[in-house]
Colleague: 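Attaching a single structure in structure tokens format; questions to follow.
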Amino acid sequence: MPELPEVETVRRELEERVSGRKIEKIIVNASRLLRGISEKSFISQVTGTSITGVQRAGKLLIIELSCGKAITVHLKMTGQLVYPGDGKASRVRFLLSGGGYLDFNDRRLFAEIGLTDDWRRIDFVESLGPEPFDVSPAVFHAMLAGRKTKIKPLLLDQTFMAGIGNLYAAESLFRAGIHPAREARSLSAQESGLLLAAISKTLKEAIRHNGSSLDQYVRPSGEKGDFVRFHKVYAKEGRICGRCGGTIKRISLGGRGTYFCPGCQK
DNA sequence: AATGGGACCTGCGCGC
DNA sequence: TGCGCGCAGGTCCCAT
């Protein structure tokens, strides 16, 4: 799933695989994915430049180019970047020097590709909250103070904290023993500390296992991410909780499916 | 500030 | 087998 661990996995693997390569040709099969720029302009500005590095901001991927600009890619729900790709389901293809296409696939056409002069200054990046790894327990507790909203929808708010999505919100709350519908401001300093530690640990372990491949997500190599083996609650409604023997429940919070164990999460 | 709804799309699994 | 429905990881926008 393209949340922080998946996007970070894609970033690392792309950096290994395509850094230094020149983009020799671009084939656009779905121009609607290009946002704020015409197909013609995108192709003319990007063709002939080289990939100098790959960055990540929250769930946004940034492909830096030798011309000083950067391609931004948000995978949304079903986006994939694959190298080398076979072109079978590609929406956009980049032919690289040395051979092989970097393929951008996206079954649902939700993803967004842009071109920017200064990626750190685009609205999406400027509005992002801090990365979970950069927040101290004291700061995190202060961030929750006064917030009446439920903790799980708050974790999904990218302006609150960057990178957490529906899956890792559920898994982190389970690991911290906190009910997803708790008012954010009701968490004690100890509870918020447990939650921050659970978020950090869960995301890092997921990165170590190259992310979670439930449906569409794959690594640039085409391989699946392995972290699904360690999921405790996500998409496990009706299953037995491995910790207390209770039954995993699914509720709807903020319009999103929310999985948790009523026995373990208070 | 918070919550709820719908929108963007395609495709899967389910019940009938 | 066919059909309609609900659901899916993200984000934005509107209304209350």
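Just so it is clear, the structure is predicted and the values come from calculations on it, not from any experiment.
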Colleague: Any side-chain N or O of Lys59(A) less than 4.0 Å from the OP1 or OP2 oxygen of dG10(C)?
Modeller: yes

Colleague: Side chain of Arg107(A) only, heavy atoms from C-beta on: which candidate in dT11(C), dG11(B), dA2(B) is closest?
Modeller: dG11(B)

Colleague: In the structure shown, which nucleotide is the Watson-Crick or G-U wobble counterpart of dG11(B), with both distances under 3.5 Å?
Modeller: dC7(C)

Colleague: What is the separation between atom CZ on Phe110(A) and atom P on dG11(B), rounded to the nearest whole Å?
Modeller: 12 Å

Colleague: Go nucleotide by nucleotide along DNA chain C from the 5' end; which of Phe124(A) and Arg108(A) gets its closest nucleotide reached first?
Modeller: Arg108(A)

Colleague: Taking 4.0 Å as the cut-off, does a side-chain nitrogen or oxygen of Lys150(A) come that near to OP1 or OP2 on dT3(B)?
Modeller: yes

Colleague: Taking OP1 and OP2 of dC7(C), is either one under 4.0 Å from a side-chain nitrogen or oxygen of Arg256(A)?
Modeller: no

Colleague: When you compare dG6(C) with dG5(B), how far apart are their P atoms, in angstrom units rounded to a whole number?
Modeller: 14 Å

Colleague: For Asp106(A) and dT10(B), what is the distance between atoms CG and P respectively, to the nearest whole Å?
Modeller: 10 Å

Colleague: Report the residue (Tyr259(A) or Glu112(A)) whose heavy-atom-nearest nucleotide on DNA chain C is the more 5′ of the two.
Modeller: Tyr259(A)

Colleague: Remember a base hit wins even if backbone is also touched, and classify Gln158(A) as base, sugar-phosphate or nothing at under 4.0 Å, heavy atoms.
Modeller: sugar-phosphate

Colleague: For the pair made of CG in Leu155(A) and P in dT11(C), what is the distance, rounded to whole Å?
Modeller: 13 Å

Colleague: Between Leu214(A) (CG) and dC12(B) (P), how many Å, whole number?
Modeller: 16 Å

Colleague: What is the distance, rounded to the nearest whole Å, between atom CG of Leu33(A) and atom P of dC8(B)?
Modeller: 15 Å

Colleague: Can you tell me if the side-chain N/O atoms of His74(A) get under 4.0 Å from OP1 or OP2 in dG10(C)?
Modeller: no

Colleague: Can you tell me if Tyr168(A) and Glu6(A) form a side-chain donor-acceptor pair at under 3.5 Å?
Modeller: yes

Colleague: Taking C-beta and beyond as the side chain, do Arg147(A) and Phe160(A) meet within less than 4.5 Å on heavy atoms?
Modeller: yes

Colleague: Would you call the rings of Tyr234(A) and Tyr259(A) parallel, tilted or perpendicular, where under 30° means parallel and over 60° means perpendicular?
Modeller: perpendicular

Colleague: How is Gly255(A) classified with respect to the nucleic acid when contacts are heavy atoms under 4.0 Å: base, sugar-phosphate, or nothing?
Modeller: nothing

Colleague: Please step through side-chain hydrogen bond (donor to acceptor under 3.5 Å, both in side chains) for the pair Asn166(A) and Lys152(A), ending with a clear verdict.
Modeller: CA-CA 8 Å; Asn166(A) 207 31; Lys152(A) 193 255 186 172; 2.4 Å; yes

Colleague: Mind checking the P distance from dC7(C) to dG4(B)? Whole angstroms is fine.
Modeller: 16 Å

Colleague: To the nearest Å, give me how far apart CE (Met77(A)) and P (dT10(B)) are.
Modeller: 13 Å

Colleague: Under 4.0 Å between a side-chain N or O of Thr149(A) and OP1 or OP2 of dT3(B)?
Modeller: yes

Colleague: Can you tell me how far C1' in dC3(C) sits from the matching atom in dC8(B), rounded to whole Å?
Modeller: 24 Å

Colleague: Would you say the side chain of Leu65(A) lies within less than 4.5 Å of the side chain of Ile23(A), judging by non-hydrogen atoms?
Modeller: yes

Colleague: Over how many whole Å does the gap from Lys152(A) atom NZ to dG4(B) atom P extend?
Modeller: 13 Å

Colleague: Rounded to the nearest angstrom, tell me the gap between atom CD in Gln80(A) and atom P in dG11(B).
Modeller: 13 Å

Colleague: Determine the contact category for Arg250(A): base if any of its heavy atoms lies under 4.0 Å from a base atom, sugar-phosphate if only primed atoms, P, OP1 or OP2 are that close, otherwise nothing.
Modeller: sugar-phosphate

Colleague: Check the phosphate of dA8(C) against Lys76(A), side-chain N and O only, distance under 4.0 Å to OP1 or OP2. Yes or no?
Modeller: no

Colleague: State whether Glu131(A) and Arg56(A) are salt-bridged, where the test is any N-O pair (Lys NZ or Arg NE/NH1/NH2 against Asp/Glu carboxylate O) under 4.0 Å.
Modeller: yes

